[in-house]
Amino acid sequence: MKLNLDTLPFGRSALEVEETFPVEDGEGGWSGLSAGGELTVDNTDSRVLVAGVLAVSCPAVCDRCLEAFELAYEAGVDIQIIRAKPGTPGDEPPDTWILYQVRGEVDLDEPLREAALLDLPIKRVCREDCLGICPSCGADRNQKDCDCPRESADPRWDGLEP
Ligand SMILES: [Zn+2]
Ligand SMILES: [Zn+2]
């Protein structure tokens with residue numbers, strides 16, 4: 001999405017975001033990462049701040065049961081558009097995405113996509129109490145209860161089996 005610096009109202013305004021970004025699904029394919037919400041734009045003489053929290057969702061595979069599900073999380077956005085030529089020295093916080101532009105349209109796709117990817121949870125489970133897959137027989141324990149012992153195999157029995 002684009003933000004036009006020439007028509008942007010001075011001071012504080014709201015920026016409605018409803019975007020879908022392509023992301024690699026880890027298997028060579030692409031899937032869509034949807035980000036939506038309202039960001040705050042603070043437009044001053046020297047810079048424009050775009051900040052807020054977006055609700056993000058993307059297709060994911062559960063770490064425990066390997067079922068596909070829609071992962072939902074929140075991503076913080078912190079973008080600064082500095083109205084100056086690139087290379088202007090500054091002491092901006094490291095978590096902030098910095099763009100240098102004086103006039104015209106600013107493309108926010110890349111910083112918004114990066115913000116959404118940055119907060120992608122490392123642990124992805126379809127639900128907190130997902131029982132996962134049985135390591136012995138491969139049954140999805142959310143679907144059915146298998147007869148396998150819940151504990152890991154007892155090494156004392158090794159070698160006793162025929
Ligand atoms: Zn699961
Ligand atoms: Zn089992």
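We count ligands from 1, going down the list as the structure has it; atoms in each ligand are counted the same way. Heads up: numbering here begins at 1 and tracks the sequence.
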Q | Leu112 side chain reached by Ile79 side chain, heavy atoms, under 4.5 Å | A | yes
**Q.** Minimum heavy-atom distance Tyr73-Leu120, with the two atoms named
**A.** OH-CD1, 3.4 Å
Q) Counting N and O atoms only, with roles assigned by atom type, does the side chain of Arg47 sit under 3.5 Å from a partner on the main chain of Ala84, one being a donor and the other an acceptor? A) no
Q: Begin from the C-alpha positions of Asp63 and Arg124 and carry the test salt bridge (Lys or Arg N to Asp or Glu O under 4.0 Å) through to its verdict.
A: CA-CA 6 Å; Asp63 289 342; Arg124 297 167 209 171; 5.9 Å; no
Q. What pairs with Arg64 under salt bridge (charged side-chain N to carboxylate O under 4.0 Å, His left out), at least two apart in sequence or on another chain?
A. none
(Q) According to a hydrophobic-cluster definition based on side-chain heavy atoms being under 4.5 Å apart (Ile, Leu, Val, Met, Phe, Trp, Tyr only), do Val125 and Val61 belong together? (A) no
(Q) Closer than 4.0 angstrom, basic N to acidic O: yes or no for Lys123 and Glu128? (A) yes
Q.
Tell me how many protein N, O or S atoms are within a distance shorter than 2.8 Å of the Zn ion (ligand 2).
A. 4
Q: Quick one: name the protein N/O/S atoms under 2.8 Å from the Zn ion (ligand 1), chain by chain.
A: Cys62 SG, Cys65 SG, Cys126 SG, Cys130 SG
Q. Among side-chain atoms of Asn4 and Arg103, is any donor-acceptor pair under 3.5 angstrom?
A. no
Considering only distance and modelled atom types, tabulate donor-acceptor pairs under 3.5 Å from the side chains of residues 7-14, sequence neighbours left out.
{"unit_1": "Arg12", "atom_1": "NH2", "unit_2": "Asp42", "atom_2": "OD2", "d": "3.2"}

